[in-house]
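Read the structure below first, then the notes.
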Amino acid sequence: MAGGLERVYGTEEDKVNCSFYIKIGACRYENKCQRIHSIPPISQTILFKHMYQNSPIEVAIASGNAVSQAGIEEALEKFENFYEDVFLKLAEFGEIEDLIVCENIGDHLVGNVYVKYTSEYYAEGCFNALQNLSYENRPLSMEYSPVLDFSSAKCKQYIDGTCQRGGACNYLHLKKISTKFKKSLFNQMFEEHPDYKEKKEKEINEKSPKKHKKKEKKSKKKKSSSSRESSRRNSIERQKMINDWNETGIQNVSQAQKMMYGNNMPAPVYTPKVSMRTSPELLQLQLQLAALKEQLNAIKMS
């Protein structure tokens, strides 16, 4: 009997516990749901409800509507400033494993921010420290989340560019952010809090001492160069880094276009250099590709 209950827990067959809440940490029925939303007494993940405030432009992007180039640049700049500010503040309480922000516009998911720490100890410190505080003059509403694996909470169709529900989808649509920009924030976290890295290296060494010794020898040779590379760059170096990120993103889009159009690929309509950490051209092309897929699906159905 117990084995059967364990098998159905958190699935659609579970008639007691809300599977959506267990997977995503939020449910569209909220308090009116007929199934139980069991908020864990402690967790590695904290949910900040409706913390991020979307601009009208961001709502349009989430809904799949056409947005001007200037509008996309403005939206990306606003979001990345928020992400950097929140990431570095939350990193003061412990080592962050991941930080994600929802692009969904449904009432139960809009503006939700999830932070997952590497341990419950760090999460508890953050949770206690931020009680009764505000962000941008709005009280923080937070709770421990049952979500420990974001991969099962993400919308697979959104990742593939085929989600038909858009911002109203009940699975997580994550706001896009440059991988290299995100990596730079993790580097800064370890620079400002070296004890996080030391603790991680100690844990690795305890699990696999032989491998750790080999890595330690290699790291000593690269230590001086890597420390300079990971430090804050001046404006000229930062601009060069931004341009490199944008060119990488545009190359990825070009490959995707070749796969879609073959030899009939249209001429690019974007410029390769824009002062943005995440390429607005990349986001614009993703919107265009999504619109084309919808048109193709409509033709197939007719």
Side-chain angles (χ1 to χ4, degrees), residues 21 24-28 30-31 37 39-62 71-148 150 153-154 167 172-178 181-193 196 232 276-278:
Y21 181 77
I24 299 165
C27 167
R28 60 177 173 165
E30 299 184 293
N31 295 333
H37 293 180
I39 300 174
I42 193 167
S43 171
Q44 287 175 244
T45 306
I46 299 172
L47 165 62
F48 295 87
K49 294 182 177 181
H50 318 306
M51 184 181 183
Y52 183 73
Q53 294 294 290
N54 287 294
S55 66
I57 293 171
E58 289 171 295
V59 174
I61 291 172
I72 291 174
E73 291 181 19
E74 180 186 334
L76 289 171
E77 184 70 19
K78 173 181 175 292
F79 171 62
E80 287 178 337
N81 287 338
F82 168 88
Y83 193 93
E84 181 175 18
D85 182 36
V86 171
F87 184 98
L88 296 177
K89 179 61 181 177
L90 295 178
E92 293 177 8
F93 305 106
E95 184 185 348
I96 293 173
E97 185 173 313
D98 203 1
L99 176 69
I100 64 172
V101 181
C102 294
E103 189 170 63
N104 308 66
I105 55 177
D107 290 343
H108 61 299
L109 289 174
V110 62
N112 282 1
V113 176
Y114 296 78
V115 60
K116 182 182 178 184
Y117 286 97
T118 55
S119 75
E120 292 179 352
Y121 173 79
Y122 289 144
E124 185 178 23
C126 172
F127 193 86
N128 293 336
L130 298 183
Q131 289 293 325
N132 303 317
L133 295 183
S134 300
Y135 182 81
E136 294 185 344
N137 300 318
R138 296 175 62 251
L140 290 173
S141 175
M142 54 182 180
E143 63 182 38
Y144 288 119
S145 174
V147 182
L148 297 176
F150 292 124
K154 296 175 187 175
L172 300 188
H173 288 196
L174 306 188
K175 283 185 172 291
K176 297 176 178 64
I177 192 159
S178 163
F181 174 52
K182 193 172 182 178
K183 186 177 179 180
S184 74
L185 293 177
F186 275 93
N187 288 338
Q188 187 175 343
M189 175 181 70
F190 287 124
E191 281 181 14
E192 295 178 358
H193 309 280
Y196 299 167
R232 280 286 188 182
M276 292 299 298
R277 288 165 287 191
T278 303

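Between S145 and G25, the closest heavy-atom pair is OG-CA, 4.0 Å. The shortest non-hydrogen separation linking L109 to C102 is O-CB, 3.5 Å. Across every non-hydrogen atom of E84 and L185, the tightest pair is CG-CD2, 3.7 Å. The shortest heavy-atom contact between F79 and K176 is CE2-O, 3.7 Å.
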Full working for side chain to side chain contact (heavy atoms under 4.5 Å, CB included) between E97 and Q44: CA-CA 9 Å; E97 185 173 313; Q44 287 175 244; 4.2 Å; yes
Verdict with reasoning, C126 to L90, per side chain to side chain contact (heavy atoms under 4.5 Å, CB included): CA-CA 7 Å; C126 172; L90 295 178; 3.8 Å; yes
Full working for side chain to side chain contact (heavy atoms under 4.5 Å, CB included) between V147 and F150: CA-CA 7 Å; V147 182; F150 292 124; 3.7 Å; yes
Chi angles and distances behind the side chain to side chain contact (heavy atoms under 4.5 Å, CB included) call for L47, M142: CA-CA 5 Å; L47 165 62; M142 54 182 180; over 6 Å; no
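For the atom pair NE2 (H193) and CD1 (I96), the distance works out to 8.5 Å, reported to the nearest 0.5 Å. Rounding to the nearest 0.5 Å places CG of L148 at 4.5 Å from OG of S43. Note that CD of E58 is 8.5 Å distant from CG of L76, once rounded to the nearest 0.5 Å. Here E74 contributes atom CD and I57 contributes atom CD1; the two are 4.0 Å apart, rounded to the nearest 0.5 Å. Put simply, CD1 on I42 and CD on E124 are 4.0 Å apart, with the number rounded to the nearest 0.5 Å. Atom NE2 of H108 and atom CD1 of I24 lie 7.0 Å apart (nearest 0.5 Å).
When side chains are defined from C-beta on, F87 counts as touching M189, because their heavy atoms get closer than 4.5 Å. Using a 4.5 Å cut-off on side-chain heavy atoms (C-beta onward), H37 and C27 make contact. Contact check for V115 versus I100: no side-chain heavy atoms found under the 4.5 Å cut-off. When side chains are defined from C-beta on, L174 does not count as touching E103, because their heavy atoms never get closer than 4.5 Å. Using a 4.5 Å cut-off on side-chain heavy atoms (C-beta onward), M51 and N112 make no contact.
A salt bridge (Lys or Arg N to Asp or Glu O under 4.0 Å) with D98 is found for one member of K154, K182, K116 and no other, namely K182. Checking L172, V113, I177, V86 one by one against V101, the side-chain contact (heavy atoms from CB on, under 4.5 Å) holds for a single residue, V113. When each of Y117, F48, F127 is paired with Y144, the ring-ring contact (aromatic ring centres under 6.0 Å, His included) condition holds for F127 and for no other.
Between F82 and Y52, the ring centre distance stays below 6.0 Å.
Not a single donor-acceptor pair under 3.5 Å links the side chain of D85 to the backbone N or O of N81. Proximity of a side-chain donor or acceptor of H50 to a complementary backbone N or O of V110 within less than 3.5 Å is detected. Here the side chain of Y196 pairs a donor or acceptor atom with the backbone of G94 at under 3.5 angstrom.
Atom NZ of K78 sits in a crowded spot, with more than 12 heavy atoms from other residues, nucleotides or ligands closer than 6.0 Å.
Ring geometry, F181 versus Y83: the interplanar angle falls from 30° to 60°, so the pair is classed tilted.
Every residue meeting the salt bridge (Lys or Arg N to Asp or Glu O under 4.0 Å) condition with E92, not counting sequence neighbours, appears here in chain and number order: K89. Remark: E30 pairs with no residue by the salt bridge (Lys or Arg N to Asp or Glu O under 4.0 Å) rule, at least two apart or across chains.
A donor atom on one side chain and an acceptor atom on the other are found under 3.5 Å apart for N54 and K175.
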